[in-house]
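Atoms within each ligand, like the ligands themselves, are counted from 1 in listed order.
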Amino acid sequence: AKSRGRSNYQFYDCKMNEKASARLKLENALRQAIEKGEMQLYYQPQYKLGTNELSGCEVLLRWFHGGELISPEVFIPLAEETGFILPLGKWVLEEGCRQGAEWLEEGVNVPSIAINVSAFQFRQEFYRTVDSVLRHTGFPPDLLVLEVTESALMSDVSRTEFLLTQFRELGIQIALDDFGTGYSSLAYLKKFSLDKLKIDRAFIDGLPDDQDDIAITSSILDVAKHLGLETIAEGVETEAQLNFLKAYGCDQVQGFYFSKPLPLNEFELLISSANDR
Ligand code: C2E
Ligand code: CA
Ligand code: CA
Ligand code: CA
């Protein structure tokens with residue numbers, strides 16, 4: 001590449017530099033996002049199927065940057081690649097637990113709070129982080145749900161078993177997120193101490209008509225019931241999907257049919273009106 005095609009090489013080099021510098025810029029901005037107050041927690045309500053009682057919420061991170069709302073689909077992978085996911089993930093956990101503890105103090109009937117945990121976070125000293133955050137915020141462990149993905153659990157199975165047992169002793173709940181999309185092994189469902197399976201919205205999407213989605217969703221619900229795991233479906237958008245899930249015995253639901261993820265003030269209105277009922 002040195003002697004021939006020199007100009008070509010420079011051309012690519014230049015393009016790559018452009019891309020790399022845009023990325024570097026975003027990376028630097030991401031690193032400063034917390035201190036600049038650009039990160040916000042949104043809350044999406046979760047309901048018990050059957051009683052329609054508010055049972056929980058999932059915390060979903062939003063980044064307001066340069067007049068734009070940047071999706072977690074963009075910045076979470078970037079945070080994972082750069083290692084920034086560790087301080088960011090800790091901040092989300094801290095902020096969620098702090099907010100939950102504040103609601104409790106204000107006398108609000110607080111639903112469980114589910115926090116997404118990246119594979120990388122889960123592998124690092126995460127148990128100690130959770131333990132310390134629970135202690136200093138005073139948020140009750142039994143109201144905390146950690147949503148972890150299969151890839152987080154599968155990379156080192158014996159360490160995972162140990163970690164999950166530790167979390168269980170702490171009294172928090174563990175939900176297996178995006179269930180069915182990854183490298184699911186049913187055998188591990190039995191082996192790991194999990195509390196909840198979260199059915200990915202990819203499968204809910206085609207309900208109640210798509211034969212594959214019907215087969216996958218009903219099988220997941222069946223297996224979960226036999227193993228004594230709670231089930232939650234995400235991405236519920238229609239009444240027909242809801243009716244299917246009800247008929248097949250899914251425990252909880254979350255999705256645009258009920259509510260999109262809400263900023264703090266709107267979610268507070270929702271939980272305080274849930275209390276009045
Ligand atoms: P996820 O954990 O699978 O979260 C569910 C995603 O589905 C959210 O997208 C949510 O807004 C969206 N959703 C919920 N109900 C519906 C629905 O009825 N229809 C449709 N079409 N979508 C629905 P969001 O908020 O863009 O988050 C994307 C992903 O980013 C999450 O997927 C999660 O993997 C990741 N993420 C978000 N916040 C955090 C965080 O604090 N930490 C980590 N590690 N990851 C996060
Ligand atoms: Ca407040
Ligand atoms: Ca999730
Ligand atoms: Ca998902």
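No single ILVMFWY cluster, assembled from side-chain heavy atoms under 4.5 Å apart, contains both I232 and I174.
A donor-acceptor contact shorter than 3.5 Å is absent between the side chain of D200 and the backbone of D178. Between the side chain of S71 and the backbone N or O of E73, at least one donor-acceptor pair lies under 3.5 Å. Panel note: side chain S55, backbone Q46; a donor-acceptor pair is recorded below 3.5 Å. Of the possible donor and acceptor atoms, one in the side chain of T160 sits under 3.5 Å from a partner among the backbone N and O of L153. With Q241 contributing its side chain and T238 its backbone, the two residues share a donor-acceptor pair below 3.5 Å. The main-chain N or O of L144 is never found under 3.5 Å from a side-chain atom of S112 such that the two would form a donor-acceptor pair.
Within 6.0 Å of the CD atom in Q32, the count of heavy atoms belonging to other residues, nucleotides or ligands exceeds 12. Other residues, nucleotides and ligands contribute over 12 non-hydrogen atoms within 6.0 Å of the CZ atom of F64. The number of heavy-atom neighbours closer than 6.0 Å to CZ of R123, taken from other residues, nucleotides and ligands shown, is above 12.
Counting protein heavy atoms only, atom 31 (C) of ligand 1 is closest to L60 CD2, 4.3 Å. Given atom 11 (O) of ligand 1, the protein heavy atom at minimum distance is P261 CG, 3.3 Å. Here the protein heavy atom with the shortest distance to atom 30 (O) of ligand 1 is P72 CB, 3.4 Å. What sits closest to atom 5 (C) of ligand 1 on the protein, heavy atoms only, is E234 OE1, 3.6 Å. Here the protein heavy atom with the shortest distance to atom 42 (N) of ligand 1 is N116 O, 3.5 Å. E73 OE2, 3.7 Å is the protein heavy atom nearest to atom 28 (C) of ligand 1. Ranking the protein heavy atoms by distance from atom 13 (N) of ligand 1 puts F256 CE2, 3.8 Å first. Nearest protein heavy-atom neighbour of atom 38 (N) of ligand 1: L61 N, 3.1 Å.
Of all atoms in ligand 1, listed by their number and element, those nearer than 4.0 Å to a heavy atom of E237 are 17 (C), 18 (O), 19 (N), 20 (C), 21 (N). With ligand atoms numbered from 1 in the order given, ligand 1 contributes 41 (O) to contacts under 4.0 Å with heavy atoms of V92. Close contacts of ligand 1 with D177, meaning ligand atoms under 4.0 Å from a residue heavy atom, involve 2 (O).
Of the N or O atoms in S71, none lie within a sub-3.5 Å distance of an N or O in ligand 1. The shortest N or O to N or O distance between E147 and ligand 1 is not below 3.5 Å. Distances between N or O atoms of Q254 and those of ligand 1 include no value under 3.5 Å. Taking any N or O of Q121, backbone or side chain, none lies under 3.5 Å from an N or O belonging to ligand 1.
Of all protein atoms, those of element N, O or S that lie under 3.0 Å from the Ca ion (ligand 4) number 3.
Within the 4.0 Å heavy-atom shell around ligand 1 one finds E58. Ligand 1 has no atom lying under 4.0 Å from any heavy atom of G89.
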When you look at L86 and Q121, which way does the side chain to side chain contact (heavy atoms under 4.5 Å, CB included) test go after all the steps?
CA-CA 6 Å; L86 291 182; Q121 255 180 298; 4.0 Å; yes
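Using a cut-off of 4.0 Å between Lys/Arg side-chain N and Asp/Glu carboxylate O, R168 and D195 are scored as salt-bridged. In summary, E58 and K198 engage in a salt bridge, as defined by a charged side-chain N under 4.0 Å from a carboxylate O. The pair R23-E81 meets the salt-bridge criterion, with a side-chain N (NZ, NE, NH1 or NH2) lying under 4.0 Å from an Asp/Glu carboxylate O.
No part of L88 comes within 4.0 Å of ligand 1, judged by heavy-atom distances. Only backbone heavy atoms of V236 (N, CA, C or O) come within less than 4.0 Å of ligand 1; its side chain stays farther off.
Restricting E147 to its N, O or S atoms, the one at the least distance from the Ca ion (ligand 3) is OE1. Within E58, the N, O or S atom at minimum distance from the Ca ion (ligand 3) carries the name OE2.
The option with the heavy atom closest to atom 9 (O) of ligand 1, from among K260, Q44, R201, is R201.
Looking at every heavy atom in both residues, L30 comes nearest to F84 through O-CE2, 3.2 Å. Heavy-atom minimum distance, L194 versus L189: CD1-CD2, 3.9 Å.
Inside a 4.0 Å radius of atom 34 (O) of ligand 1 there is not any protein heavy atom. Counting protein heavy atoms under 4.0 angstrom from atom 21 (N) of ligand 1 gives one or more.
Aromatic ring orientation, F267 versus W103: tilted (interplanar angle from 30° to 60°).
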